[in-house]
Chemist: 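One structure is given below, represented as structure tokens, and several questions about it will come after.
Residue numbers start from 1 in every chain, and the chains themselves are labelled A, B, ... in the order their sequence lines are given, proteins ahead of strands. Just the heavy atoms: all of them, side chains too, but no hydrogens, waters or symmetry mates, feed the values below.
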Amino acid sequence: MEELIKVRHEKLKRLREEKIEPYPHRYKITHKAREILEKYKKLKIGEKVKGSKVSLAGRIMSKRGHGKSGFAHIMDGSGKIQVYTKFDVVGEKKYDLYKKLDIGDFIGVEGRIFKTKTGEITVLVEDFTLLAKSLRPLPEKWHGLKDVEMRFRQRYIDLIMNPEVKEVFLKRSRITSLIREFLDKKGFLEIETPMMQPIPGGAAATPFITHHKALHRDLYLRIAPELYLKRLIVGGMERVYEINRNFRNEGISTKHNPEFTMLELYQAYSDYEDLMELTTELIAKIAKEVLGTLKIEYQGEKIDLKTPWKRLTLKSAIKKYTKLDIDKVKDIKKEAKKMGLSLEEVLTDTQVIDHIFKEFVEPKLIQPTFIIDYPRELSPLAKAKKNNPNLAERFELFIGTLELANAYSELNDPILQRERLKEQLALRWAGSEDAHMMDEDFLRALEYGMPPCAGLGIGIDRLVMLLTDSPSIRDVILFPHMRPEKVGK
RNA sequence: GCCCCCAUAGCUCAGUUGGAAGAGCACCUGACUCUUAAUCAGGGUGUCCCAGGUUCGAGCCCUGGUGGGGGUACCA
């Protein structure tokens, strides 16, 4: 390695001695590689195009020399294109420089288009300029970069070497811009709320703690934006959304990264039924635009996103997949143990039901399914069903076993909300660290009056996983969480 | 947190029973003016993840650690 880098540094030194700037400021391009390939695809073999002068720039990805001429592929943001440099076209001095170029260097190229004997559209180089000297060798051209650790730590190399990885992130970007377009058209306002919160709220999760020096106090990285977004509903912003990071101080898995991206939206004068419609419409539209179809495949399972999507109550879903009728069961804990679950004694019956669902139902939810009517106990910020105070008007959406969305009709009765947060407080005292905290300002806001309203959260990373057929959340996050690395010189 | 798996050249990998380091690409030197995994001739560039231990001898066996992956627990 040191040897390889030394050689490049020597080349750099020689360039400077020859007054060739290895890191110039700019280069004027007229075309992207892809544009050229598209524009001239009908050329005949051996045909040259008069007046086809182009300039483009990119990274050298391969070189094939032939004495007094040489082929190379350069890659720009749009793709790869072959360039052909000849001694008798560029002259002796430039050709010597060409021979010294390394794979990895950036160059700008001016030339004309032709098609080679073997049928590849190629730029015949009339002049070129070194745009940035590369001092480290890239991975091998054929096998690319496979080492997972290096792919994540040095994502830039992953992006250079693995086009399918780049494709995932292009899709991710497309997905978020489609979401914005969709919501903006429906009159939603994109807003931003605090990442650092004095009281973390809106979810049951352990927060990260940070410290503000000037204020001499700890702050929490948010676990959800929910309580702030609701304050905005109180403030008269009737449709708001935020696409941003949440931070949860919990386990890392193929479906969990400590920081992850969430779309959270609130819509006044609506309930969870309206949001089921909105969710369906949104996800189906994105799939159609990004993949061109509603029939997708995720990890070997064929999934049909054709609407309407199935709806199952939590209770009926458990009955369907486990044959367990939770209404008729006397001792739910006993049943759960019989099914093979190991449970701590402190669990309430409702928590046991939640466990059964996660263990036995979730892995079966391949086709899009709304699970509705969650126990009120698990949903302290949700409004109860009109005819059943023990159930919340809440849904979660599962596709390909991924939990993609969570939504409810928001509890806007300030008296009830206070009671529920008090219950949570009691749970905290009892040792449940991730129970909700009391947030007096949030309650005060509700006391001013919040219109009926429904809120939705969609895990953007998981949605991207689904639409790019990625098995791990790390595949869709550019820089997934890693332990710090010791980097030498 | 617990369990299992992985770590050898810049990259992708091989390395037998414990006998002292290998290939392809990349790189370096040279040849070659339509190649495309260019070709031809020559060159091995290494903290075998780290620290101990066993042994006459360790890439290989043992112990501990580091980093990564997967599972599980916790967790939307």
Chemist: Does A/Asp158 use its side chain to pair, donor to acceptor, with the backbone of A/Met161 at less than 3.5 Å?
Modeler: no
Chemist: Expressed as a whole number of angstroms, how long is the span from A/Asp102:CG to B/rA26:P?
Modeler: 13 Å
Chemist: Compare side-chain N and O positions of A/His73 against OP1 and OP2 of B/rU35 and report whether any pair is under 4.0 Å apart.
Modeler: no
Chemist: Counting N and O atoms only, with roles assigned by atom type, does the side chain of A/Arg428 sit under 3.5 Å from a partner on the main chain of A/Gln424, one being a donor and the other an acceptor?
Modeler: no
Chemist: I'd like a table of donor-acceptor pairs (distance under 3.5 Å, sequence neighbours excluded) in which one partner is a side-chain atom from residues 454-467 of chain A, with atom names and distances.
Modeler:
{"unit_1": "A/Asp461", "atom_1": "OD1", "unit_2": "A/Arg172", "atom_2": "NH1", "d": "2.9"}
{"unit_1": "A/Asp461", "atom_1": "OD1", "unit_2": "A/Arg172", "atom_2": "NH2", "d": "3.1"}
{"unit_1": "A/Asp461", "atom_1": "OD2", "unit_2": "A/Thr261", "atom_2": "N", "d": "2.7"}
{"unit_1": "A/Arg462", "atom_1": "NE", "unit_2": "A/Lys255", "atom_2": "O", "d": "3.3"}
{"unit_1": "A/Arg462", "atom_1": "NH1", "unit_2": "A/Glu403", "atom_2": "O", "d": "3.0"}
{"unit_1": "A/Arg462", "atom_1": "NH2", "unit_2": "A/Lys255", "atom_2": "O", "d": "3.0"}
{"unit_1": "A/Arg462", "atom_1": "NH2", "unit_2": "A/His256", "atom_2": "NE2", "d": "3.4"}

Chemist: Measuring only the P atom in each nucleotide, how far is B/rU45 from B/rA9? A whole number of Å is fine.
Modeler: 14 Å
Chemist: Determine the contact category for A/Arg153: base if any of its heavy atoms lies under 4.0 Å from a base atom, sugar-phosphate if only primed atoms, P, OP1 or OP2 are that close, otherwise nothing.
Modeler: sugar-phosphate
Chemist: Would one find a side-chain N or O of A/Lys63 under 4.0 angstrom from OP1 or OP2 of B/rC25?
Modeler: no
Chemist: In whole angstrom, give the distance that lies between atom CG of A/Leu4 and atom C1' of B/rA26.
Modeler: 8 Å
Chemist: Could you walk me through whether A/Arg376 and A/Thr350 pass the side-chain contact (heavy atoms from CB on, under 4.5 Å) test, one step at a time?
Modeler: CA-CA 9 Å; A/Arg376 211 255 307 143; A/Thr350 310; over 6 Å; no
Chemist: Indicate yes or no for a side-chain donor-acceptor contact from A/Asn257 to the backbone of A/Pro480 under 3.5 Å, with no hydrogens or angles considered.
Modeler: no
Chemist: Under a plain distance cut-off of 3.5 Å, with no hydrogens placed, do A/Asn246 and A/Glu259 share a side-chain donor-acceptor pair?
Modeler: no
Chemist: Check the pair A/Phe395, A/Phe370 against ring-ring contact (aromatic ring centres under 6.0 Å, His included), reporting the backbone distance first and the verdict last.
Modeler: CA-CA 6 Å; A/Phe395 72 78; A/Phe370 287 111; 5.0 Å; yes
Chemist: What distance, rounded to whole Å, do you find between the two C1' atoms, one in B/rG18 and one in B/rC25?
Modeler: 32 Å
Chemist: What contact category does A/Lys80 fall into here, base, sugar-phosphate, or nothing, at under 4.0 angstrom with non-hydrogen atoms?
Modeler: nothing
Chemist: Roughly how far apart, to the nearest Å, are B/rC3 and B/rG59 at atom P?
Modeler: 29 Å
Chemist: Answer with base, sugar-phosphate or nothing: what part of the nucleic acid does A/Met161 contact at a heavy-atom distance below 4.0 Å?
Modeler: nothing
Chemist: Give every residue pair that meets the salt bridge (Lys or Arg N to Asp or Glu O under 4.0 Å) criterion with at least one member in residues 54-74 of chain A, sequence neighbours excluded.
Modeler: none
Chemist: Among B/rC25, B/rC34, B/rG68, which nucleotide has an atom closest to any side-chain atom of A/Lys141?
Modeler: B/rC25
Chemist: Give me the distance, rounded to whole Å, that separates B/rC49 from B/rC13 when you measure between the P atoms they each carry.
Modeler: 15 Å
Chemist: When the C1' atoms of B/rU55 and B/rU17 are considered, how many whole Å apart are they?
Modeler: 15 Å
Chemist: In this structure, how many angstroms lie between the C1' atom of B/rU33 and the CZ atom of A/Phe114, rounded?
Modeler: 11 Å
Chemist: Would A/Lys39 and A/Glu35 pass as an ion pair if we require N to O under 4.0 Å?
Modeler: no
Chemist: Need one value for A/Lys255: base, sugar-phosphate or nothing, where a base atom within 4.0 Å counts as base even if backbone is also close, heavy atoms only.
Modeler: nothing
Chemist: Name the residue closer to the 5' end of RNA chain B, choosing between A/Thr122 and A/Met150 according to the nucleotide with the nearest heavy atom.
Modeler: A/Met150
Chemist: Over how many whole Å does the gap from A/Ile157 atom CD1 to B/rG10 atom P extend?
Modeler: 13 Å
Chemist: Base, sugar-phosphate, or nothing: which does A/Ser62 touch, judged by heavy atoms less than 4.0 Å apart?
Modeler: nothing
Chemist: Output one line per pair: protein atom, nucleotide atom from nucleotides 29-32 of chain B, and distance, for all N/O pairs under 3.5 Å.
Modeler:
{"unit_1": "B/rC32", "atom_1": "N3", "unit_2": "A/Gly67", "atom_2": "N", "d": "3.1"}
{"unit_1": "B/rC32", "atom_1": "N4", "unit_2": "A/Gly67", "atom_2": "N", "d": "3.3"}

Chemist: Between N or O atoms, less than 3.5 Å apart, protein on one side and nucleotides 12-15 of chain B on the other: list the pairs.
Modeler:
{"unit_1": "B/rU12", "atom_1": "OP1", "unit_2": "A/Lys146", "atom_2": "N", "d": "3.0"}
{"unit_1": "B/rU12", "atom_1": "OP1", "unit_2": "A/Asp147", "atom_2": "N", "d": "2.8"}

Chemist: Reading RNA chain B 5' to 3', how would its secondary structure be written in dot-bracket notation, given Watson-Crick and G-U pairs with both distances under 3.5 Å, brackets [ ] for crossing pairs and | for partners on other strands?
Modeler: (((((((..((((.....[..))))((((((.......))))).)...(((((..]....))))))))))))....
Chemist: If you measure from the C1' atom in B/rG19 to the same atom in B/rC61, how many Å do you get, rounded?
Modeler: 15 Å
Chemist: Using whole Å, what does the distance between atom P of nucleotide B/rG43 and atom CD of A/Glu3 come to?
Modeler: 17 Å
Chemist: Contact class for A/Tyr374 vs. all strands (heavy atom < 4.0 Å): base, sugar-phosphate, or nothing?
Modeler: base
Chemist: Is a donor-acceptor contact shorter than 3.5 angstrom present between the side chain of A/Gln82 and the base of B/rU35?
Modeler: yes
Chemist: Side chain of A/Met482: nearest nucleotide among B/rG68, B/rG70, B/rA38?
Modeler: B/rG68
Chemist: Would you indicate what A/Asp434 reaches in the nucleic acid, counting non-hydrogen atoms under 4.0 angstrom: base, sugar-phosphate, or nothing?
Modeler: sugar-phosphate
Chemist: Report yes if at least one side-chain N or O of A/Arg64 is closer than 4.0 Å to OP1 or OP2 of B/rU35; otherwise report no.
Modeler: no
Chemist: Taking all heavy atoms of A/Tyr272 and all of A/Glu393, pick out the closest pair and write down the distance.
Modeler: CD1-C, 3.4 Å
Chemist: Checking A/Arg231 against A/Thr193: is there a side-chain donor and acceptor pair closer than 3.5 Å?
Modeler: no
Chemist: Sequence neighbours left out, cut at 3.5 Å: what donor-acceptor pairs do the side chains of residues 90-101 of chain A make with other protein atoms?
Modeler:
{"unit_1": "A/Lys94", "atom_1": "NZ", "unit_2": "A/Asp127", "atom_2": "OD1", "d": "2.8"}
{"unit_1": "A/Lys94", "atom_1": "NZ", "unit_2": "A/Phe128", "atom_2": "O", "d": "2.8"}
{"unit_1": "A/Tyr95", "atom_1": "OH", "unit_2": "A/Gly67", "atom_2": "O", "d": "3.1"}
{"unit_1": "A/Tyr95", "atom_1": "OH", "unit_2": "A/Ser69", "atom_2": "N", "d": "2.8"}
{"unit_1": "A/Tyr95", "atom_1": "OH", "unit_2": "A/Ser69", "atom_2": "O", "d": "2.9"}
{"unit_1": "A/Tyr98", "atom_1": "OH", "unit_2": "A/Phe71", "atom_2": "O", "d": "3.4"}
{"unit_1": "A/Lys100", "atom_1": "NZ", "unit_2": "A/Glu18", "atom_2": "OE2", "d": "3.4"}

Chemist: Taking the minimum atom-to-atom distance to the side chain of A/Ile103, which one of B/rA37, B/rC27, B/rG67 wins?
Modeler: B/rC27
Chemist: Start at the 5' end of RNA chain B and walk down; is the nucleotide closest to A/Phe357 or to A/Gly46 reached first?
Modeler: A/Gly46
Chemist: Compare the minimum distances between each of B/rU33, B/rA37, B/rC11 and the side chain of A/Trp142, then state the nucleotide with the smallest one.
Modeler: B/rA37
Chemist: Within the side chain of A/Asp76, is there an N or O that forms a donor-acceptor pair under 3.5 Å with the backbone of A/Ser78?
Modeler: yes
Chemist: Round to a whole Å and report the spacing from CG of A/Leu138 to P of B/rA9.
Modeler: 18 Å
